[in-house]
Amino acid sequence: MEKVKLSSKEKYLGEVDNKLKKIIEKNGHIVFKPNRKNQFESLVKIIISQFISTKAANTIFLNLKKSLNTDSLQPLVFRNLSTYEIKKLGLSVNKSRSIKSLSDLFIDQNFTDLKQLSEDDLHKNLLSVFGVGNWSVSMFEIFCIGKLNIFSSKDAALRISMNRFGMIKPESDLKFYDDYAERWSPYKTIASLHLWKAID
DNA sequence: CTGCATACTGCAGACGAGTG
DNA sequence: CACTCGTCTGCAGTATGCAG
């Protein structure tokens, strides 16, 4: 009994893609609520989420906050911690280096709101951080800034979902996924949310 | 039931092969 | 030799599947 009506964006996606239409109708309306508040913390969480399940990432993230005894992670917290000390908080060597590098960027550039940067500057700054690649940047743009037209073919879950619903054959080159996603423009983000939900 | 091995949604870096 | 490009490896916790 789906009582909640689909948004106009979701209806639009259904019109341009029949396969996606079925997924959206089954899912029902998805509320897209990016967390715009603490950008630094969002990035830390994304770094932790690389390669591991969201559940595992959540546990590590909560342990990290508990160890640091804070509700809101700030770059300054990590300034005086060595990579080794961050690692002891439950992270791998590379992720510790990554968080350290991210903190340095925020402190050096004195960032308050990354949203004010142009897309180019945003990408350039984030990609300069050790351990942050295109996937991480996309996740930040979706879940923190709330951009509506983001799709990342580097996300394995999205690819699996697209395989399962017959959009793209498994093992295809990444560019086929990107090409397919073009039809969802300018709401690729909303399409991604439905693909994620469809496979849990 | 318990315990263990394994795979799993990204990334950097090491390394080898290919090129000039 | 000096580069570029592709391949391989290791890593945080958890769910799953299989052996005992």
Side-chain angles (χ1 to χ4, degrees), chain A residues 20 23 27 30 32 34-35 39-70 73 77-78 81-106 114 122-147 150-178 180-181 184 188-200:
Chain A
L20 188 59
I23 297 170
N27 284 340
I30 294 179
F32 177 42
N35 166 24
Q39 298 179 341
F40 175 77
E41 183 170 295
S42 298
L43 283 164
V44 170
K45 194 164 184 181
I46 289 166
I47 289 167
I48 293 175
S49 303
Q50 289 167 190
F51 189 67
I52 57 173
S53 69
T54 44
K55 285 190 176 178
N58 241 330
T59 306
I60 296 169
F61 181 69
L62 291 177
N63 286 342
L64 178 67
K65 283 174 86 166
K66 203 171 154 196
S67 303
L68 293 171
N69 196 22
T70 176
L73 291 181
V77 173
F78 296 100
L81 292 179
S82 66
T83 307
Y84 176 69
E85 285 167 320
I86 299 173
K87 176 173 152 45
K88 277 196 298 188
L89 300 174
L91 289 125
S92 67
V93 176
N94 278 346
K95 286 182 185 175
S96 304
R97 282 181 66 191
S98 188
I99 289 172
K100 186 82 178 152
S101 170
L102 179 70
S103 306
D104 290 344
L105 176 77
F106 267 70
L114 293 175
L122 177 71
H123 288 197
K124 213 182 298 167
N125 275 289
L126 290 182
L127 291 174
S128 75
V129 175
F130 176 89
V132 171
N134 285 316
W135 177 85
S136 302
V137 172
S138 295
M139 294 308 113
F140 177 74
E141 291 179 318
I142 292 176
F143 293 108
C144 188
I145 294 189
K147 288 194 187 181
I150 304 293
F151 167 82
S152 178
S153 58
K154 304 200 81 174
D155 190 280
L158 288 179
R159 291 199 306 272
I160 289 168
S161 192
M162 289 170 80
N163 296 151
R164 189 169 302 172
F165 294 104
M167 296 169 176
I168 301 287
K169 271 188 255 170
E171 314 288 327
S172 301
D173 193 278
L174 291 190
K175 82 175 169 63
F176 290 107
Y177 295 87
D178 288 315
Y180 188 96
W184 304 325
K188 293 186 213 169
T189 299
I190 306 297
S192 300
L193 295 177
H194 278 282
L195 288 169
W196 275 316
K197 180 161 183 188
I199 58 162
D200 273 341

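Below, chains carry the letters A, B, ... as their sequence lines are ordered, and counting in each starts from 1.
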To the nearest Å, how far apart are [X] [atom1] and [N] [atom2]?
X        : N      : atom1 : atom2 : value
A:Phe130 : C:dC11 : CZ    : C1'   : 11 Å
A:Leu126 : B:dG10 : CG    : C1'   : 15 Å
A:Asp155 : B:dC8  : CG    : P     : 15 Å
A:Asn94  : B:dA14 : CG    : P     : 11 Å
A:Arg159 : B:dG10 : CZ    : C1'   : 10 Å
A:Phe143 : B:dG10 : CZ    : P     : 14 Å
A:Gln50  : C:dT14 : CD    : P     : 18 Å
A:Leu91  : C:dC11 : CG    : P     : 14 Å

So, does [X] get its side chain near the phosphate of [N], meaning an N or O under 4.0 Å from OP1 or OP2?
X        : N      : answer
A:Arg97  : B:dG13 : yes
A:Ser136 : B:dC11 : yes
A:Lys55  : C:dA15 : yes

*Cation over ring, A:Lys45 on A:Phe61, under 6.0 Å and within 45°?*
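Yes; both conditions hold, so A:Lys45 lies above the ring face of A:Phe61.
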
*For A:Phe51 and C:dC11, is the gap between ring centres under 5.5 Å while the planes differ by less than 30°?*
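Answer is yes, a stack.
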
Listed nucleotide nearest any side-chain atom of [X], set [options]:
X        : options               : result
A:Ala157 : B:dT9, B:dA12, B:dC11 : B:dT9
A:Ala156 : B:dT9, C:dG13, B:dC11 : B:dT9
A:Thr59  : B:dT9, C:dG10, C:dG13 : C:dG13

_Parallel, tilted or perpendicular: which one describes the rings of A:Phe106 and A:Phe40, with boundaries at 30° and 60°?_
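The rings of A:Phe106 and A:Phe40 stand perpendicular, inter-plane angle above 60°.
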
*asked:* Under 4.0 Å, heavy atoms only, any strand: does A:Asn134 hit a base, just the sugar-phosphate, or nothing?
replied: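 The answer is sugar-phosphate, as A:Asn134 gets under 4.0 Å only of primed atoms, P, OP1 or OP2.
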
_Watson-Crick/G-U partner (both atom distances under 3.5 Å) of B:dT9_ =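 Here B:dT9 is not engaged in any pair, so there is no nucleotide opposite it.
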
_A:Ser136 side, atom OG; A:Leu126 side, atom CG - distance, nearest 0.5 Å_ =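 CG of A:Leu126 is found 9.0 Å from OG of A:Ser136.
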
*Just how far is it from atom CD1 of A:Ile47 to atom CG of A:Leu102, taken to the nearest 0.5 Å?*
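Output value for this atom pair is 4.5 Å.
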
*asked:* Taking the ring centre of each residue, are A:Phe143 and A:Trp196 less than 6.0 Å apart?
replied: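 Yes, close enough.
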
*asked:* Go nucleotide by nucleotide along DNA chain B from the 5' end; which of A:Trp196 and A:Leu127 gets its closest nucleotide reached first?
replied: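 Closer to the 5' end of DNA chain B: A:Trp196.
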
